[in-house]
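The structure appears below as structure tokens.
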Amino acid sequence: MIIQGLTAENFLKYRHLKLNNLPTHGIIAISGSNESGKSSIGEAICFALFGRTFAVKPNETRKLIRWGENRCAVILEFNLKDDICYQLSRSLDRDNNHTARLYRTNDPDNPIARGIIPVNTALEGLLGYNFGAFIDSFYLAQREITAPKPQGNAIHIMAGIAPLIKCRQELQAELEQNKLTQKELTIRIADTDKQVANLAFNEQQTHILTTDQNDLANREKNFKDNKQYLKDIATDYQQRITKQQRDKTNKHWMIRLQLVALLLAIISFGTWFALSFYPKQPIIANIITNIIANIVPIEIIVLTQWLLYSSLVNILIIILIWIYIFVLNRRKKALRDAGNQLADILAVLDELDIGLPRNLQLNPDKIRPPKKTLAIKAHALQQRLLKAQITVPEIEDIVTKKTKWLDQVLQRIAWHQTELHQKLLHESEQRQINDRLASLNTALQTEERELQERIQVLIQAEELLQGAMRHLSHKFNHHLRGLASRTLPMFTEDRYQHLQIDEDLTIRAFSNEKRDFMEFDEVSSGTQRQMMLALRLSLSQKLIDRVVCENQFIFLDEPFAFFDAARTRSALTALPRLSKDIIQIWVVAQQFPEDFEFAHTIQCHPDCTEYSDETTSQLRAL
Amino acid sequence: MLQPNDEIKPLSLERPQRARDAFIEYTITERQRKQDSETNFNQAIFDAAVNLVERKLRCMEEEGQA
């Protein structure tokens, strides 16, 4: 950036200031006695560029308005490497109304930016630096004799670590955020752990309940089967025992009938046998002649036949009765079997009663008879059943009691099944909640693990950035030291040749005379200014190399305040040739060597409130 | 005293490194140093950190902030 012109109205001591056609190369010398307005020119440039100055605090900018006036205005004309001429105008009134406008000189109607912030942003984009960087490099204020702050943004920009700092700030913000998130995750994990613990879900409980349910279902089926079996067996037994009464009578009569038939069969057969095979026997012949002939008026042959038939019929009857009795005996045996079965099922039911778990017992507190007693009772009942000595009403009574007991037990089983079902449903819900919590816990732990990895990466990244920043700072200081050491001998008549610049920009100079490094405070005020000038020029060069990358002006307010004449002359000789980039050098001094040639001179007077190059030219011409 | 005809070598530097290039250059030596000195050096985390910073710096370059 090279300044081409400056116009100011009511700015500090100037009612009107106008600098035109400024040279792009060489030293612009501003001279004059105390309070003649030399520094005001630099402050006008600074205000035009950034809306503030080094000397006046940002909240006191009204002090820049000329005493007794309500408003000041500054217009700065400059050009950049694109060879386009820009104008930047600012105004400020006592009410702190601050305006700013940046535009191309050839197109004032279409400003690049208007308003303080847009102009500042646009200007920083165009120039590559802001107020801080400007103050630490291209603007050496009159009262400034300290080194720029090493932690300042300007030094960071010059050292090239500003992007690393910005990057580190972003990573630190992310790291803090991640640490907060990690804390929240830890709390949430602990919370879910607590919920899981409070839930106290037991994996085995469902298995136990399911086993109990299956056991109850089996018991229910068993009881139902036994109930049905008892009913069937009892009915069967009752039917059989009823039939048995009738069969008993029938058998009684059938046995008698069978005896009669046997007798008749024997008689008939004997008679037939005698008549057929021994008819000539005197006894038999006599019987035939006297008895049979008189009784049966039929022929003997026919009688013989009928006797045979009779014996056969009787034998048949005997056989039939025998079969019938056999059937009756079978029925009796079946009754005995049924009695056995009934006795068995009753014994089984007694066993079941004894084997019932306490929760299914109808009267759990009742003293139950010992097993042996039950066995004796069962045996006695079995004997009575086998002998069919038990009556139907007795059976009905026993069966009714047992059926009632079975119904009650089944009812209890059903109630327990319902209860178990409810418990299983509850367990299922608990399992779902437990599964959800476990799943959430796993997800949170995974997230925490990933976050932990991310935090480790961020910490490592931050360490690397810190290391890289130290590395760059070290390189920056090294380069700065090299640059400053090249300029310092020119400003100190070769008395000091080396500058040592620490990380915190603490400066020490190597004295050729003392052959040792001297602290900044140990050297004279003039040498201090010379060291600072060397450092300032080096920093300016760094800033140009880093971000500006074009020709640049520099404003040095009283840099030779404590210089002797020889060092002032050396410095003035060296300044325009020190850098190929810093080509326009504004130097303020009370007076310069009279025989020294400058590219441009501005002579300020304490009583003069107006300055214009044209006026000066006119005055000179006059 | 410096005379007008004395030769003065102007202050000029080679074009400074970009922050990203300087960072990568630093990490190469730092990786080597850590590999040689730390027994439990975590290469994966180191590489992830380098990639993270490099990506951020590249973004900043593309946005004109670096």
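These numbers come from the heavy atoms of this one structure, side chains and all, not from hydrogens, waters or symmetry mates. Given the structure is predicted, the values throughout are model-derived calculations rather than measurements.
Minimum interatomic distance between B:Phe23 and A:Ala468 (heavy atoms only, all atoms of both residues): CD1-CB, 3.6 Å. Nearest heavy atom pair, residue B:Leu57 against residue A:Pro163, reads CD2-O, 3.9 Å.
For the atom pair A:Leu465 CG and B:Lys56 NZ, the distance stands at 10.5 Å (nearest 0.5 Å). Expressed to the nearest 0.5 Å, how far SG of A:Cys167 lies from CD of B:Glu54 amounts to 11.0 Å.
Of residues 35-48 of chain B, those residues with a non-hydrogen atom less than 4.5 Å from any non-hydrogen atom of chain A are, in numerical order, B:Ile45, B:Phe46, B:Ala48.
Residue A:Arg168: no heavy atom, backbone or side chain, is found under 4.5 Å from chain B. For A:Leu464, the parts lying under 4.5 angstrom from a heavy atom of chain B are both the backbone and the side chain.
Not counting sequence neighbours, the partners of B:Glu25 by the salt bridge (Lys or Arg N to Asp or Glu O under 4.0 Å) test are A:Lys475. In this structure, the side-chain contact (heavy atoms from CB on, under 4.5 Å) partners of A:His600, at least two apart in sequence or on a different chain, are A:Leu22, A:Pro23, A:Ile28, A:Ile602, A:Asp613. With sequence neighbours excluded, the residues forming a side-chain contact (heavy atoms from CB on, under 4.5 Å) with A:Ala461 are A:Leu171, B:Ala49, B:Leu52, B:Val53, listed by chain and number.
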